[in-house]
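What follows is a single structure, written as structure tokens, with notes after it.
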Amino acid sequence: MSQNPTKHTKVLIIGSGPAGYTAAVYAARAMLKPILVYGAQPGGQLTTTTDVENYPGFSDVIQGPWLMDQMKDQAKAVGTEMIEDHIGSVNLKSSPFEAIGDGGQKYTADSIIISTGAQARWLNIKSEQEFRGFGVSACATCDGFFFKDKEVAVVGGGNAAVEEAMFLTKFASKVKLIHRRDSLRAEKMLQKKLMENKKIEIIWDSVVEDVIGDHEPKNVKGIKIKNLKTNKVNEMKLDGLFIAIGHDPATQLFKDQLKMDQEGYLITKPDSTETNVPGVYAAGDVKDKTFRQAVTAAGMGCMAALEAEKFLSH
């Protein structure tokens with residue numbers, strides 16, 4: 001097979017989602033003719049979210065996949081070249097930067113915006129995936145509102161799990177925190193607040209074995225949990241299940257080339273999307289484990305494009 005000729009661009013955007021698409025809109029409008037390379041899940045995590053009520057500009061509930069299609073079409077309309085490919089390797093030491101797709105397509109770029117996102121870790125049980133978006137969620141700030149006066153459970157033991165449990169008490173009548181060990185990893189201040197909250201009950205040494213629910217219409221009715229010390233399995237009535245066992249940023253590609261924290265999130269300069277390599281920017285969940293919202297990711301995409309434009313003009 002003959003190699004496709006190398007594609008060169010001033011701005012190469014790796015990854016889609018709100019960060020990548022917004023970066024593309026701004027870069028294209030700056031006449032930088034960006035190339036956006038998206039992988040197997042264009043639109044990212046929002047494509048697995050159904051109802052979106054917190055993205056500004058829409059008074060009616062909108063659908064996550066629809067919002068991502070709109071962003072994609074907008075980026076295209078203003079002049080972004082979209083290519084479906086999976087970037088297998090990058091060289092950030094070369095000038096221009098180089099990226100190579102799995103099929104061998106080579107891209108060179110004067111600047112790169114990384115918006116490869118992150119993925120929630122799931123328990124990976126069949127029933128959990130079946131009810132994803134129908135009572136099973138990995139984002140309390142996204143979906144908590146739908147569980148007003150209902151009973152929910154959160155799985156996990158770190159800061160995220162404790163924060164999600166606390167947040168859910170604003171809506172839910174009862175929140176159960178299920179943790180596989182007998183102590184939490186979350187910071188002490190948070191634990192203190194958690195213990196003081198009357199709406200929260202902690203279930204120690206336990207794991208979720210199964211999610212139970214109706215199929216027509218789809219909704220969660222309860223879970224089966226197993227106590228790891230006694231091996232006893234109990235059924236628990238619930239309306240919703242939140243998985244908070246962490247996220248994995250998609251940064252394998254940049255190991256040993258870009259600075260990242262212990263969990264693999266890219267590190268950028270304060271109030272900037274610039275990484276430790278000038279001309280390389282990171283936007284969205286790939287660098288943000290604090291907020292993880294569509295609107296903050298979009299904001300960072302905008303910042304990255306403006307920073308890239310400034311970098312290229314010098």
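Quantities reported herein were computed from a predicted structural model and do not represent experimental measurements.
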For a quick test of reading the model, state the closest non-hydrogen atom pair linking [X] to [Y] and the distance between them.
X: Leu12; Y: Ala99; result: CD2-CB, 3.9 Å
X: Ala161; Y: Ala244; result: CA-CB, 3.6 Å
X: Tyr55; Y: Ala298; result: OH-CB, 3.8 Å
X: His247; Y: Arg121; result: O-NH2, 3.3 Å
X: Gly301; Y: Ala283; result: N-CB, 3.8 Å
X: Leu238; Y: Ala153; result: CD1-CB, 3.4 Å

Can you tell me if [X] uses its side chain to pair, donor with acceptor, with the backbone of [Y] under 3.5 Å?
X: Thr116; Y: Ala250; value: yes
X: Asp288; Y: Thr290; value: yes
X: Asn91; Y: Ser94; value: yes
X: Gln41; Y: Gly44; value: yes
X: Thr108; Y: Pro96; value: no
X: Ser16; Y: Pro42; value: no
X: Thr22; Y: Pro18; value: yes
X: Gln191; Y: Glu187; value: no
X: Ser206; Y: Ile203; value: no
X: Ser137; Y: Arg132; value: no

Hey, is [atom1] on [X] packed in by over 12 heavy atoms from elsewhere, all under 6.0 Å?
X: Asp271; atom1: CG; result: no
X: Lys259; atom1: NZ; result: no
X: Gln252; atom1: CD; result: no
X: Lys255; atom1: NZ; result: yes
X: Phe58; atom1: CZ; result: yes
X: Met195; atom1: CE; result: yes
X: Gln119; atom1: CD; result: no

Check the pair Val207, Leu228 against side chain to side chain contact (heavy atoms under 4.5 Å, CB included), reporting the backbone distance first and the verdict last.
CA-CA 7 Å; Val207 292; Leu228 294 173; 3.9 Å; yes
I'd like to check the ring pair (Phe, Tyr, Trp, His ring centres under 6.0 Å) partners of Phe242; sequence neighbours left out, ordered by chain and number.
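With neighbours one apart ignored, the set is Phe147.
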Decide side chain to side chain donor-acceptor pair (under 3.5 Å) for Gln105 and Asn4; before the verdict, give the C-alpha distance in whole Å, the side-chain angles of both, and the deciding distance to 0.1 Å.
CA-CA 6 Å; Gln105 172 68 56; Asn4 285 341; 3.3 Å; yes
Checking Asp210 against Ser127: is there a side-chain donor and acceptor pair closer than 3.5 Å?
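Side-chain D/A pair, Ser127 to Asp210: present.
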Starting from the C-alpha separation in whole Å, work towards a yes-or-no answer on side chain to side chain donor-acceptor pair (under 3.5 Å) for Glu307 and Thr273.
CA-CA 8 Å; Glu307 288 187 284; Thr273 62; 2.6 Å; yes
With respect to Glu151, which candidate in Lys221, Lys176, Lys199 satisfies the salt bridge (charged side-chain N to carboxylate O under 4.0 Å, His left out) definition?
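When salt bridge (charged side-chain N to carboxylate O under 4.0 Å, His left out) is applied between Glu151 and each of Lys221, Lys176, Lys199, only Lys176 qualifies.
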Side-chain ion pair, [X] and [Y], N-O less than 4.0 Å:
X: Asp261; Y: Lys289; answer: yes
X: Asp205; Y: Lys229; answer: yes
X: Lys7; Y: Glu81; answer: yes

Show your reasoning for whether side chain to side chain contact (heavy atoms under 4.5 Å, CB included) applies to Ile243 and Glu128.
CA-CA 9 Å; Ile243 314 298; Glu128 166 202 52; 3.6 Å; yes
Quick check for you: to the nearest 0.5 Å, what is the distance between [X] atom [atom1] and [Y] atom [atom2]?
X: Ile113; Y: Ile14; atom1: CD1; atom2: CD1; result: 10.0 Å
X: Phe167; Y: Thr169; atom1: CZ; atom2: OG1; result: 9.0 Å
X: Glu274; Y: Lys310; atom1: CD; atom2: NZ; result: 10.5 Å
X: Lys193; Y: Ile200; atom1: NZ; atom2: CD1; result: 11.5 Å
X: Leu46; Y: Gln293; atom1: CG; atom2: CD; result: 9.5 Å
X: Glu201; Y: Leu194; atom1: CD; atom2: CG; result: 11.5 Å

Please identify which of these residues, Val37, Thr9, Thr6, Val90, meets the side-chain contact (heavy atoms from CB on, under 4.5 Å) condition with Tyr107.
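By the side-chain contact (heavy atoms from CB on, under 4.5 Å) criterion, Tyr107 pairs with just one of Val37, Thr9, Thr6, Val90: Val37.
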Does [X] share a hydrophobic cluster with [Y], counting links as ILVMFWY side-chain heavy atoms below 4.5 Å and allowing steps through other members?
X: Val211; Y: Val233; answer: no
X: Tyr281; Y: Leu92; answer: no
X: Met300; Y: Val277; answer: no
X: Met303; Y: Tyr26; answer: no
X: Phe97; Y: Leu258; answer: yes

Test side chain to side chain contact (heavy atoms under 4.5 Å, CB included) on Glu309 and Lys10; report intermediate values, then the result.
CA-CA 9 Å; Glu309 181 189 6; Lys10 290 185 181 126; over 6 Å; no
Derivation of the side chain to side chain contact (heavy atoms under 4.5 Å, CB included) call for Ile13 and Tyr21:
CA-CA 9 Å; Ile13 301 166; Tyr21 290 148; over 6 Å; no
Candidate pair Phe131 and His215, rule ring-ring contact (aromatic ring centres under 6.0 Å, His included), full reasoning:
CA-CA 9 Å; Phe131 288 102; His215 285 277; 5.3 Å; yes
Should [X] and [Y] count as side-chain neighbours, where that means a heavy-atom distance under 4.5 Å?
X: Pro56; Y: Val295; result: yes
X: Val208; Y: Ile125; result: yes
X: Leu241; Y: Val154; result: no
X: Asp51; Y: Phe146; result: yes

Taking only residues two or more places apart in sequence, or in another chain, which ones meet Cys139 in a disulfide bond (SG atoms under 2.5 Å apart)?
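Residues passing disulfide bond (SG atoms under 2.5 Å apart) with Cys139: Cys142.
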Is NZ or CZ of Lys72 both nearer than 6.0 Å to the six-membered ring centre of Tyr38 and within 45° of the ring axis?
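Here Lys72 passes the 6.0 Å and 45° test against Tyr38.
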